[in-house]
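Note sheet for the following structure.
Keep in mind that what you see is a predicted model, and the values were worked out from it rather than measured.
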Amino acid sequence: MSQSENQKFNTIAIHAGQEFDPTTGAVIPPIYQTSTYVQDGIGGLRGGYEYSRGGNPTRTSLETMLAALEGGRHGLSFASGLAAEDSLLRAVLVPGDHVVLGNDVYGGTHRLINRVHGAWGVRNTTVEMSDLAAVEAAILPGETKILWVETPSNPLMKISDIAGLVEIGHRHGVLVVVDNTFASPALQQPLALGADVVVHSTTKYLGGHSDVIGGGLVINDDELAEKVKFIQFAAGPVSAPLDAWLTVRGIKTLAVRMDRHSSNALTIARYLQTHPAIEKVYYPGLESHPGHELAKAQMSAFGGMLSLAFRGGETAARRFAESMHLFQLAESLGGVESLVNYPSEMTHASVRGTELEVATNIVRLSVGIEDIDDLLADLAQALPSA
């Protein structure tokens with residue numbers, strides 16, 4: 001961290017944890033595709049490496065970079081975003097504890113907290129995170145241990161006041177966790193706003209090329225980091241060397257990609273908000289978005305994700321989602337290519353029947369970095385004529 005303290009984001013994204021190979025001078029550090037390491041006598045570990053579940057130089061490279069990008073002390077890399085979330089939850093919670101989370105979070109996060117950890121006695125309350133009074137009212141003194149914040153949220157792009165939530169959480173002794181996947185550290189840095197932990201699905205914007213699954217945590221507190229590292233080692237949900245290397249490769253172009261994602265998405269959002277088939281565009285870059293001013297204050301741009309509500313209901317939404325060409329119908333988001341998603345039966349199918357259920361007229365777009373004129377043409381041919 002000391003080397004990058006005074007460096008700007010783009011420089012950090014290219015150089016943090018990326019010292020050239022001392023043996024050959026290779027500019028790109030090698031992939032350490034190994035499971036174990038020779039010891040210089042019993043307990044004589046070279047560089048602290050013993051077995052790759054406990055540590056691997058390629059994973060160390062990524063973890064160093066994650067910490068530097070978010071301005072944190074400790075970065076940890078996992079096999080998936082949900083593996084990262086699960087490890088954090090295991091490190092913090094015991095049966096009987098309580099979690100407060102937003103009423104518009106990724107369906108997999110709610111499923112993990114509500115069904116997996118719920119089966120072990122962890123309780124949760126979903127709340128409108130943009131309503132600070134409602135959040136404070138949902139906290140159970142002495143029982144709530146985590147305030148789980150996702151901003152922008154998935155899929156309705158709600159914006160939560162990170163600093164305001166941190167003030168509430170810390171006043172009640174609650175850990176404030178921010179899922180920064182949609183914004184990425186290129187656009188938003190929650191630790192600088194007081195958050196305790198940042199979560200990423202590195203599968204998305206950090207990897208950026210739809211070719212790797214991964215997750216990450218960035219933590220400032222030394223004791224909490226050690227607890228999570230123990231879970232990482234003892235339960236083994238670690239990222240593989242090749243996956244870590246691919247994620248590092250993706251991160252090096254993160255900032256320039258986010259510039260294009262954001263500019264393309266804003267252009268598309270402005271185009272769609274005037275179309276007669278669209279009831280509402282959910283994008284914080286629009287002045288009409290209720291969280292626009294807050295997003296301007298805590299983000300440097302508005303990102304590549306947006307959602308649409310169709311006037312024609314479920315039929316119109318499905319027809320649109322299945323009529324795209326450049327926007328490919330698929331799960332996930334954050335890659336260089338544009339994707340279209342129908343949340344109620346795809347990413348958020350697991351929350352049907354709950355407060356988080358997504359309306360059937362909603363379509364989510366992950367706007368890629370293609371030429372904007374081509375993306376607009378694809379949207380135009382898929383939308384119903386006026």
Side-chain angles (χ1 to χ4, degrees), residues 1 4 9 12-13 16-18 53 55-92 105-106 108-109 112 146 148-151 154 175-192 195-221 224-233 235-255 257-258 332-335:
M1 282 295 294
S4 63
F9 187 87
I12 293 171
Q18 296 300 295
R53 173 163 44 78
N56 175 283
T58 311
R59 191 166 84 239
T60 299
S61 170
L62 172 57
E63 292 179 332
T64 300
M65 181 174 278
L66 289 173
L69 291 174
E70 289 285 3
R73 291 171 59 84
H74 304 279
L76 296 95
S77 175
F78 297 85
S80 70
L82 284 171
E85 294 183 5
D86 183 55
S87 297
L88 176 64
L89 294 168
R90 286 172 183 261
V92 174
V105 299
Y106 168 50
T109 297
L112 174 65
I146 292 177
W148 194 281
V149 184
E150 189 178 289
T151 182
N154 183 3
L175 195 74
V176 179
V177 178
V178 178
D179 185 335
N180 202 28
T181 297
F182 268 27
S184 90
L187 306 185
Q188 177 174 269
Q189 298 196 325
L191 295 182
D196 299 297
V197 183
V198 170
V199 175
H200 282 284
S201 171
T202 59
T203 307
K204 313 304 193 296
Y205 286 110
L206 294 178
H209 293 78
S210 302
D211 56 8
V212 62
I213 301 291
L217 298 173
V218 182
I219 304 169
N220 273 333
D221 182 81
L224 177 59
E226 282 303 313
K227 288 180 179 179
V228 179
K229 286 179 182 178
F230 174 76
I231 298 294
Q232 185 189 45
F233 171 73
V238 296
S239 52
L242 178 58
D243 293 347
W245 187 89
L246 286 169
T247 305
V248 166
R249 185 184 66 169
I251 287 172
K252 292 184 180 187
T253 60
L254 174 63
R257 286 187 284 106
M258 292 310 295
S332 200
L333 59 103

| Going through the checks in order, is the side chain to side chain contact (heavy atoms under 4.5 Å, CB included) test met by D179 and V105? | CA-CA 9 Å; D179 185 335; V105 299; over 6 Å; no
| What's the verdict on side chain to side chain contact (heavy atoms under 4.5 Å, CB included) for V228 and F78, showing C-alpha distance, side-chain angles and the deciding distance? | CA-CA 11 Å; V228 179; F78 297 85; 3.9 Å; yes
| request: Could you walk me through whether H209 and T253 pass side chain to side chain contact (heavy atoms under 4.5 Å, CB included), step by step? | output: CA-CA 11 Å; H209 293 78; T253 60; 4.2 Å; yes
| Where do L217 and V199 land on the side chain to side chain contact (heavy atoms under 4.5 Å, CB included) test, with the steps shown first? | CA-CA 5 Å; L217 298 173; V199 175; 3.6 Å; yes
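Distance CD1/I219 to CG/L88: 6.0 Å, rounded to 0.5 Å. Taking OG from S77 and CG from N56, the interatomic distance works out to 10.0 Å, rounded to the nearest 0.5 Å. To the nearest 0.5 angstrom, E70 atom CD is 3.5 Å from H200 atom NE2. With rounding to the nearest 0.5 angstrom, the CZ atom of R257 is 9.5 Å from the OH atom of Y205. Taking CZ of R59 as the reference point, atom CZ of R53 lies at 10.0 Å (rounded to 0.5 Å). To the nearest 0.5 Å, atom CD of residue E85 and atom CZ of residue R90 are 13.0 Å apart.
Residues R249 and W245 meet the side-chain proximity criterion, which asks for heavy atoms closer than 4.5 Å. The shortest distance between side-chain heavy atoms of T203 and S80 does not fall below 4.5 Å. Taking the side chain as every heavy atom from C-beta outward, S184 and L254 approach each other to under 4.5 Å. Side-chain contact between L224 and D196 is absent, with no heavy atoms from C-beta onward closer than 4.5 Å. With a 4.5 Å cut-off on side-chain heavy atoms, D221 and K227 do not count as touching.
Looking at L175, I146, V92 one by one, the single match for side-chain contact (heavy atoms from CB on, under 4.5 Å) with V197 turns out to be L175.
Between E63 and G75, the closest heavy-atom pair is CB-O, 3.2 Å. P185 approaches L206 most closely through the heavy-atom pair CD-CD2, 3.8 Å. I12 and M65 get closest at one heavy-atom pair: O-CE, 4.4 Å. Between V218 and A67 the shortest heavy-atom distance is CG1-CA, 4.0 Å. The two residues M258 and F182 come nearest to each other via the heavy atoms CE-O, 4.4 Å. Here the closest heavy-atom approach between residue A255 and residue A186 is recorded as CA-CB, 4.2 Å.
With sequence neighbours excluded, the residues satisfying side-chain contact (heavy atoms from CB on, under 4.5 Å) with T247 are L62, T202, V212, I251.
In this structure, N180 contributes its side chain and Q188 its backbone to a donor-acceptor pair below 3.5 Å. Between the Q189 side chain and the L69 main chain, a donor and an acceptor come within less than 3.5 Å of each other. Using a distance-only test at 3.5 Å, with no hydrogens or angles considered, no donor-acceptor pair links the side chain of S61 to the main chain of P57.
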